[in-house]
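Inspection log for the structure reproduced underneath, given as structure tokens.
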Amino acid sequence: MADYLPTEPYRGTRDFLPEDMSIRSQVFERLYEVIESYGYQRYDGPILEPTEIYETKSSQEIVEQQLYTLTDRGGRRLSLRPEMTPSVARMIAGNVSKLNFPVRWYSHPNCHRYERPQRGRVREHWQINVDLFGSSSSAVEVEFVELVHDMMAGLGASRDMYELRVSDRVLLNAILSEVLEIPDDMLHDAARLLDRWQKYPQETLAADAAEIGLTDKQFEKLGEVVAAGVDVLNDLSQEVRDHSMLMQVLDTGARDLITFDPLIVRGFDYYTSTVFEVFDADPANRRSLFGGGRYDNLIGMFSPQQVPGFGFGMGDVTILDFLRTHGLLPDAHSDVDAVVIATEAALFDTGRLAARRLRAAGIRTTMPLEVRKLGKEISRADRAGARVVIIVGQQDWAAEQVTVRDLVSGDQQQVTLDQVAPAVQAVLEQPAR
RNA sequence: GUGGGUGUAGCUCAGCCGGUAGAGCACCUGGUUGUGGUCCAGGGGGUCGCGGGUUCGAAUCCCGUCACUCACCCCA
């Protein structure tokens with residue numbers, strides 16, 4: 001008894017069989033369309049990167065526990081990219097003198113993180129990454145807010161299905177240090193506490209706060225800040241307001257497109273101002289769908305230049321969950337339009353001629369590889385998703401004709417080889433299905 | 001890393017007070033010679049996740065292990 005190898009894909013990774021691939025492609029092609037309508041250009045890069053580019057700016061958790069790392073034959077430490085932002089920063093930094101800023105780029109890489117799979121999270125996911133480099137204007141924020149809404153609309157989502165929540169590291173730090181008078185060395189931990197605010201009961205949060213070193217009074221005030229929402233911003237100094245990109249956005253017409261939420265923190269250390277996350281309104285998907293923000297000095301690890309950036313990543317796992325939850329998943333497309341069936345081996349060559357005519361006309365066409373009963377082949381063609389079968393048989397061919405059958409209506413007609421492509425095209429253009 | 005649930009045919013599952021495996025769907029063939037989506041008949045296909053234990057005998061009980069899954073931790 002042989003021991004067979006498992007056919008399941010490696011844990012946390014997925015096979016995309018044609019049906020799954022069709023759905024995934026359709027979803028992402030809609031997104032490409034919207035992104036490109038904003039003038040973004042697509043790029044790509046290597047899946048392997050030097051480990052160092054993740055060690056300085058990504059979150060500690062990712063580097064220590066979630067990175068797939070390897071050492072090459074030359075002793076270089078490499079990692080499968082866990083996200084695209086450091087890679088694109090590297091590319092921008094390396095080409096800074098050639099580029100015409102602002103640069104609008106997007107890509108669709110697969111990213112890997114070693115962690116336990118669960119709803120909304122796997123070990124390999126496909127992520128649309130959209131970035132803009134070279135502008136410190138809050139117009140960038142406005143552009144991204146609009147882009148996000150247009151992308152969601154492109155997927156068929158209405159505004160009540162999701163929420164775009166934003167915050168700002170500048171505001172957050174100001175609130176924590178100016179309003180709550182939390183010392184600088186405790187800011188990071190305090191921000192993390194906010195990040196967890198909604199998931200835990202007050203007692204747990206209070207205990208954590210005490211552990212961090214917050215006083216009871218500070219903890220109490222933290223609660224008030226959360227409850228206050230936008231109003232908390234009134235207490236901030238003018239200097240802070242001037243530094244905050246988000247404050248400027250809140251002064252524009254884009255104000256109505258976002259919800260200020262001080263609980264939006266995000267894990268990456270490289271964010272410097274605006275941060276945002278999009279949430280599903282349906283409680284089935286508790287995790288944020290996607291998010292991003294402003295990073296004003298990510299290029300800094302590669303070059304002395306200062307190039308501000310803004311970007312976000314949108315993963316396929318959460319977005320497909322979202323679409324499934326809201327009944328917005330597209331149907332899988334058929335990959336074939338027509339099947340040419342020769343009823344006997346002697347007619348294969350004739351069938352091939354017909355198939356070539358059809359393909360030349362842009363009609364996706366297959367032919368059975370063995371002779372079977374005609375009924376079986378029609379049935380297979382139907383299941384394969386073909387709209388039309390072309391029957392090449394002795395009776396018709398004696399008069400130099402073949403039969404074109406519409407599998408939806410059942411109508412059929414005899415045509416010559418010259419007429420095959422237009423006849424099939426005419427059927428394909430008819431609505432049905 | 002921690003905890004819960006689940007692992008039987010390609011898929012969805014039944015069988016689980018122990019006696020050596022079933023249904024529906026799917027698939028293949030046929031119902032004569034060139035017409036599918038309905039019907040009828042027949043057929044192929046299973047290491048019952050894996051390993052060990054108890055037993056005359058285990059899919060069924062016990063232990064271990066792995067995988068999947070949900071949640072936690074954390075995070076996109």
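The sequence lines fix the lettering, A, B, ..., with proteins before strands; numbering per chain opens at 1.
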Expressed as a whole number of Å, how far does the C1' atom of B/rU8 sit from that of B/rU47?
12 Å
Just how far, in rounded Å, is P of B/rG10 from CG of A/L17?
15 Å
Between B/rC75 and B/rG15, how many Å separate the two C1' atoms, rounded to a whole number?
43 Å
If you take atom types as modelled and just measure distance, does the side chain of A/E377 reach the base of B/rU35 with a donor-acceptor pair under 3.5 Å?
no
Go ahead and name the base partner of B/rA23; Watson-Crick or wobble counts if both distances stay under 3.5 Å, otherwise write none.
B/rU12
Between the side chains of A/E55 and A/R77, is the shortest nitrogen-to-carboxylate-oxygen separation below 4.0 Å, so that they form an ion pair?
yes
Any salt bridge linking A/E143 with A/R104? Criterion: basic side-chain nitrogen under 4.0 Å from a carboxylate oxygen.
yes
A/Q394 near the nucleic acid: base, sugar-phosphate alone, or nothing, with a heavy-atom cut-off under 4.0 Å?
base
Whole-Å P distance, B/rG31 and B/rC68:
46 Å
Does this structure show an ion pair linking A/D44 with A/R42, if we count only N-O contacts that are shorter than 4.0 Å?
no
Please state the C1' separation for the pair B/rC27 and B/rC61 - nearest whole angstrom.
37 Å
B/rC16 and B/rG7, which share atom name C1', separated by this distance in whole Å:
14 Å
Using a strict threshold of under 4.0 Å (side-chain N to carboxylate O), is an ion pair present between A/E49 and A/R81?
no
Check the phosphate of B/rU29 against A/R372, side-chain N and O only, distance under 4.0 Å to OP1 or OP2. Yes or no?
yes
What's the CG-P distance between A/L374 and B/rG37, to the nearest Å?
12 Å
So, does the side chain of A/E115 form a donor-acceptor pair with the base of B/rA76 at under 3.5 Å?
yes
Between A/G313 and A/G12, name the one whose nearest nucleotide on RNA chain B is closer to the 5' end.
A/G12
Salt bridge present between A/D20 and A/R14 (N-O < 4.0 angstrom):
no
Whole-Å distance between B/rG5 C1' and A/R116 CZ?
13 Å
Side chain to side chain contact (heavy atoms under 4.5 Å, CB included) evaluation trace for A/T350 with A/F348:
CA-CA 5 Å; A/T350 309; A/F348 264 39; over 6 Å; no
Rounded to whole Å, the NZ-P distance (A/K376 to B/rG36) equals 10 Å
Are A/R364 and A/D337 within salt-bridge range, i.e. N to O under 4.0 Å?
yes
In this structure, how many angstroms lie between the C1' atom of B/rA76 and the CG atom of A/D280, rounded?
16 Å
Just the rounded figure in Å: distance from P of B/rU2 to CD of A/Q118.
15 Å
Taking only Lys NZ, Arg NE, NH1 and NH2, and the carboxylate oxygens of Asp or Glu, determine whether A/D406 and A/R387 approach each other closer than 4.0 Å.
yes
Report the distance from atom CG of A/D321 to atom P of B/rA76, rounded to the nearest whole Å.
18 Å
Who pairs with B/rG37 - Watson-Crick or G-U, where each distance is under 3.5 Å:
none
From B/rU69, B/rC72, B/rG30, nucleotide with atom closest to A/R121 side chain:
B/rC72
Quick one: is A/R383 getting a side-chain N or O under 4.0 Å of the B/rC27 phosphate, OP1 or OP2?
yes
If we take the P atom in both B/rG49 and B/rU12, what is their distance in whole Å?
15 Å
Does B/rG31 have OP1 or OP2 sitting under 4.0 Å from an N or O in the side chain of A/K373?
yes
What residues in residues 122-134 of chain A put a non-hydrogen atom under 4.0 Å from any atom of RNA chain B?
A/V122, A/H125
Euclidean distance for C1', B/rG46 against B/rA14 (whole angstrom)
15 Å
Find the distance A/F312:CZ to B/rC75:C1' and express it as a whole number of Å.
18 Å
For A/F312, which of A/F276, A/Y106, A/Y271 qualifies under ring-ring contact (aromatic ring centres under 6.0 Å, His included)?
A/F276
Aromatic A/F260 / basic A/R165 pairing, under 6.0 angstrom, 45° off normal:
no
Report which part of the nucleic acid A/T318 touches: base, sugar-phosphate, or nothing (heavy-atom distance under 4.0 Å, all strands).
nothing
Expressed as a whole number of Å, how far does the P atom of B/rG52 sit from that of B/rC70?
32 Å
Taking any heavy-atom pair under 4.0 Å as a contact, classify A/G410: base, sugar-phosphate, or nothing.
base
Map A/R119 and A/G375 onto RNA chain B by nearest heavy atom, then report which one ends up closer to the 5' terminus.
A/G375
Could you tell me which nucleotide pairs with B/rG51 by Watson-Crick or G-U wobble geometry, both distances under 3.5 Å, or answer none if nothing does?
B/rC63
Record whether the side chain of A/R405 comes under 3.5 Å of the base of B/rG36 through a donor-acceptor pair of N or O atoms.
yes
So what's B/rG45 paired with, Watson-Crick or G-U wobble, going by both distances under 3.5 Å?
none
Under 3.5 Å on both distances, the Watson-Crick or G-U partner of B/rG5
B/rC68
Under 4.0 Å from OP1 or OP2 of B/rC66: is there any side-chain N or O of A/R11 that close?
no
